Student: 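Below you'll find the structure I mean.
Quick caveat, the model's predicted, so the values are computed rather than measured. Below, chains carry the letters A, B, ... as their sequence lines are ordered, and counting in each starts from 1.
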Amino acid sequence: MSVVTRFAPSPTGYLHIGGARTALFNWLYARHTGGRFALRIEDTDRKRSTPEAIDAILSGLRWLELDWDGEVVHQFARAERHAEMARRLLVEGKAYHCYCTPEELEAMRQQARAEGRRMLYDGRWRDRDPAEAPPGVEPVVRFKAPRSGETRIGDLVQGPVTVANDQMDDMVLLRADGTPTYMLSVVVDDHDMDVTHVIRGDDHLTNAFRQYHLYDALGWQAPAFAHIPLIHGPDGAKLSKRHGALGVEAYRDMGYLPEALRNYLLRLGWSHGDEEIISTEQAIQWFDLDAVGKGAARFDFDKLNSLNGHYIRTAADERLLDLLCPLLEAHLGKPVDDAGRRRLNAALPGLKPRAETLEALADNAAFYLRDPPLPLTDKAAKLLTPESREHLERLRETLSGQEDWSKAALEMRLREFAAAREIKLGAVAQPLRAVLTGSTASPGLFEVMAVLGRAECLARLAALGAYS
RNA sequence: GACCCCAUCGUCUAGCCAGGUCCAGGACACCACCCUUUCAAGGUGGCGACGCGGGUUCAAAUCCCGCUGGGGUCACCA
């Protein structure tokens with residue numbers, strides 16, 4: 001039987017980083033085994049589900065390039081099928097009506113806590129005659145869970161996990177309004193969708209036991225489970241927003257590349273020997289559930305940044321340019337014309353190793369497209385002393401006669417210039433950098449000059465007087 | 001609180017299942033040096049961990065028990 005995995009988010013918000021990793025693992029496992037990767041939207045909570053959230057999840061997956069197979073399944077649309085299965089269990093005596101009021105349930109909860117039990121519902125309607133039902137109360141349908149013995153699940157990540165059956169109460173299958181609960185819906189959908197491997201967050205591990213019983217009662221073969229550890233914040237606690245529990249589109253907007261995020265998320269809790277930089281092709285080839293770690297991992301922006309820097313360095317120039325131009329237009333408040341794009345293209349080799357995010361790349365690239373006089377950083381402004389201005393004046397005169405504007409020729413000319421005036425190269429190079437780039441840090445000076453071109457360099461030098 | 005899970009450098013992890021080759025390897029971060037007009041990138045080196053206590057064994061990061069610490073779950077949410 002071929003493998004079918006699924007990603008089943010509830011559309012109550014964006015696709016957050018933990019969900020993205022769950023999706024990635026499901027996708028990878030399906031691709032690795034040559035199986036199917038299905039997508040199901042668990043929108044049975046009508047109050048909290050929104051169409052905007054569905055869009056956010058789909059676009060997040062698309063941005064991450066995690067393509068799913070077949071149509072998206074909307075769980076709520078299958079509610080009737082789920083209810084039908086509940087009714088089947090009812091006639092088979094495997095489920096029953098419960099007429100408890102919320103108050104009664106609350107009282108039971110209180111008592112269970114006080115007694116240190118986790119069995120919350122005491123099953124009081126389990127064997128009670130429905131004739132005793134209080135009038136006017138719409139009942140819920142509860143599942144008759146096994147009360148003795150224990151249940152063992154051979155989790156593909158966690159290993160064998162056993163829970164005593166008396167720890168689980170009779171869960172609600174159908175609400176009083178007749179709508180199915182999540183527990184019922186997942187089981188029916190996973191079965192109907194032929195899901196063979198349920199790969200999901202650790203937080204579902206305890207659910208797996210109750211679901212396992214449901215499969216059993218329905219006479220179905222339960223899928224294999226793989227509960228992957230959750231992602232924690234840098235402090236070891238639950239991932240919060242300021243830790244990075246953001247939607248994937250936030251990562252896109254911060255200037256991360258999808259392949260970098262994929263690589264990072266993959267290595268967070270999974271490994272293949274000492275491999276760090278892992279292409280998607282390799283990931284598909286190598287990925288397996290047995291190499292998924294059991295402990296929770298902490299989210300670390302430093303490592304993500306480093307990985308992103310690597311992928312920026314190795315990205316194709318054309319693609320980078322496409323990503324960069326909109327950012328620069330926002331930065332500069334003006335469109336990037338063809339000449340600008342050509343200049344950026346020439347500048348890219350010097351820019352790439354100096355940025356870990358596209359935002360930083362745009363920041364660093366902006367000076368190439370500005371008109372003089374450039375805004376100076378404080379450090380750059382300090383470089384423009386009366387003495388260095390004098391050097392730059394003379395340099396401008398020297399350079400105005402310079403025809404060969406190649407990197408090598410410029411370097412030679414600059415070195416000669418410094419030698420002739422008996423100053424260090426840096427004494428003229430740094431002020432020149434300030435005037436040319438507005439900053440004290442930039443790509444190599446001669447490269448900058450060559451990219452900028454003769455006319456632009458001279459123009460920026462001529463604007464020297466504009467800086468006070 | 002009850003139940004379940006987890007535990008190697010600051011962080012991500014290799015090693016653990018089939019004990020010795022591990023005075024524990026890689027990556028990020030940090031520090032130093034090299035390269036160098038600046039900042040990066042790159043190169044070289046450094047700092048840095050088997051949570052604690054008991055066993056088992058000739059030998060334990062690796063197996064067993066306890067403790068401690070962390071996490072998850074306990075809804076007519078998913």
Side-chain angles (χ1 to χ4, degrees), chain A residues 8-12 42-45 47-49 75 98 100 102 105-106 109 112-121 138-142 155 158-159 161-164 166-169 171-177 179-183 185-186 201-207 209 227 229-230 232 234 236-238 264 267-277 290-291 293-307 309-310 313 350-356 364 379 383 411 414-415 418 424-430 432-434 437 439-446:
Chain A
S10 51
T12 54
E42 312 224 309
D43 53 353
T44 53
D45 184 345
K47 291 185 193 75
R48 298 199 300 150
S49 300
Q75 192 162 58
C98 167
C100 281
L105 258 12
E106 185 50 36
R109 262 196 284 277
R113 293 261 169 161
E115 291 172 14
R117 287 180 294 112
R118 58 184 262 110
M119 254 271 288
L120 302 175
Y121 173 69
E138 284 301 321
V140 298
V141 172
R142 279 184 189 272
D155 193 277
Q158 303 295 336
V161 185
T162 309
V163 168
D166 63 14
Q167 295 297 321
M168 287 171 273
D169 60 9
M171 61 184 162
V172 172
L173 260 23
L174 247 35
R175 302 186 185 95
D177 64 4
T179 57
T181 60
Y182 161 77
M183 287 292 180
S185 298
V186 239
D202 221 347
D203 51 339
H204 284 284
L205 183 57
T206 51
N207 288 335
F209 293 89
H227 290 92
L230 267 16
H232 286 173
K238 215 202 258 147
Y264 176 70
R267 275 293 282 107
L268 200 58
W270 178 87
S271 60
H272 183 78
D274 285 340
E275 300 292 341
E276 296 288 347
I277 305 290
D290 57 17
K294 295 168 122 188
R298 302 183 188 202
F299 192 86
D300 180 22
F301 267 108
D302 282 338
K303 188 129 183 182
L304 208 211
N305 287 339
S306 151
L307 239 14
H310 171 267
R313 263 172 266 138
L351 256 13
K352 282 157 97 173
R354 271 166 258 256
E356 292 191 319
N364 297 343
K379 278 185 181 174
L383 250 25
E411 173 159 8
L414 255 290
R415 288 190 186 281
K424 284 188 191 167
L425 181 58
V428 63
Q430 278 302 85
L432 177 58
R433 165 174 283 114
T437 72
S439 170
T440 53
S442 80
L445 188 58
F446 312 114

Student: By the 4.0 Å heavy-atom rule, please label Glu42(A) as base, sugar-phosphate, or nothing.
Tutor: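 Glu42(A): backbone/sugar contact only, no base atoms under 4.0 Å.
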Student: Between A29(B), A78(B), C12(B), which nucleotide gets closest to the side-chain atoms of Glu356(A)?
Tutor: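 Shortest atom-to-atom distance from the side chain points to A29(B).
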Student: Taking the minimum atom-to-atom distance to the side chain of Gln167(A), which one of A78(B), A2(B), C5(B) wins?
Tutor: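 Shortest atom-to-atom distance from the side chain points to A2(B).
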Student: So, OP1 or OP2 of C39(B): does either fall under 4.0 Å of a side-chain N or O from Ser442(A)?
Tutor: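 So the side chain of Ser442(A) is outside the cut-off, no N or O lying under 4.0 Å from OP1 or OP2 of C39(B).
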Student: Tell me what Pro229(A) touches on the nucleic acid: a base, only sugar-phosphate, or nothing, going by heavy atoms under 4.0 Å.
Tutor: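 Nothing: the residue Pro229(A), judged by heavy atoms under 4.0 Å, touches no strand.
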Student: Under 4.0 Å, heavy atoms only, any strand: does Leu307(A) hit a base, just the sugar-phosphate, or nothing?
Tutor: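 Counting heavy atoms under 4.0 Å across all strands, no contact is made by Leu307(A).
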Student: With a 3.5 Å cut-off and heavy atoms only, can you find an N or O donor on one side and an acceptor on the other between the side chain of Lys303(A) and the base of A27(B)?
Tutor: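 Counting by modelled atom types and ignoring angles, a donor-acceptor contact under 3.5 Å is found here.
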Student: Regarding Met171(A), tell me which of base, sugar-phosphate or nothing describes its non-hydrogen contacts under 4.0 Å with the strands shown.
Tutor: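 Nothing, no heavy atom under 4.0 Å.
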Student: Looking at every strand, decide which applies to Phe209(A) at a 4.0 Å heavy-atom threshold: base, sugar-phosphate, or nothing.
Tutor: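 It contacts nothing in the nucleic acid.
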Student: Just to be sure I understand the rule, does Ala297(A) reach a base, reach only the sugar-phosphate, or reach nothing, if contact means heavy atoms closer than 4.0 Å?
Tutor: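 Sugar-phosphate only.
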Student: Would you say G42(B) has OP1 or OP2 under 4.0 Å from some side-chain N or O of Arg313(A)?
Tutor: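 Yes, Arg313(A) has a side-chain N/O under 4.0 Å of OP1/OP2 on G42(B).
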Student: Are the ring of His204(A) and the base ring of A78(B) both nearer than 5.5 Å at their centres and tilted by less than 30°?
Tutor: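 Given the distance and angle limits, yes, they stack.
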Student: Under 4.0 angstrom, heavy atoms only, what part of the nucleic acid is Val140(A) near: base, sugar-phosphate, or nothing?
Tutor: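 Base contact - Val140(A) has a heavy atom under 4.0 Å of at least one base atom.
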Student: Indicate whether the side chain of Asp202(A) and that of His227(A) have a donor and an acceptor atom separated by less than 3.5 Å.
Tutor: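 Note: Asp202(A) and His227(A) side chains miss the donor-acceptor criterion.
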Student: Counting the atoms with a prime plus P, OP1 and OP2 as sugar-phosphate, which does Ser271(A) contact under 4.0 Å by heavy atoms, base, sugar-phosphate, or nothing?
Tutor: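 Sugar-phosphate: the residue Ser271(A), judged by heavy atoms under 4.0 Å, touches backbone atoms but no base.
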Student: Given the structure, check if the side chain of Asp274(A) and the base of G25(B) hold any donor-acceptor pair shorter than 3.5 Å.
Tutor: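 In this structure, the two groups form a donor-acceptor pair.
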Student: Could you state the CZ-P distance from Arg298(A) to G10(B), rounded to the nearest angstrom?
Tutor: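 In whole Å, G10(B) P lies 11 Å from Arg298(A) CZ.
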Student: Any base atoms under 4.0 Å from Thr162(A), or only sugar-phosphate, or nothing? Heavy atoms, all strands.
Tutor: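 The answer is sugar-phosphate, as Thr162(A) gets under 4.0 Å only of primed atoms, P, OP1 or OP2.
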Student: Mind checking if Thr440(A) touches a base, just sugar-phosphate, or nothing, with heavy atoms under 4.0 Å?
Tutor: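 Base contact.
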Student: Within the structure shown, what part of the strands sits under 4.0 Å from Thr12(A) by heavy-atom distance: base, sugar-phosphate, or nothing?
Tutor: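 Nothing, no nucleic acid heavy atom in range.
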Student: Could you check whether Leu445(A) gets within reach of a base, just the sugar-phosphate, or nothing at all, counting any heavy atom under 4.0 Å?
Tutor: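 Here Leu445(A) touches the bases of the nucleic acid.
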Student: When we call it a touch if two heavy atoms are under 4.0 Å apart, what does Asn207(A) touch: a base, just sugar-phosphate, or nothing?
Tutor: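 Touches a base.
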Student: Does a side-chain N or O of Arg415(A) approach OP1 or OP2 of U37(B) to a distance below 4.0 Å, or not?
Tutor: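 Checking Arg415(A) against U37(B): at least one side-chain N or O falls below 4.0 Å of OP1 or OP2.
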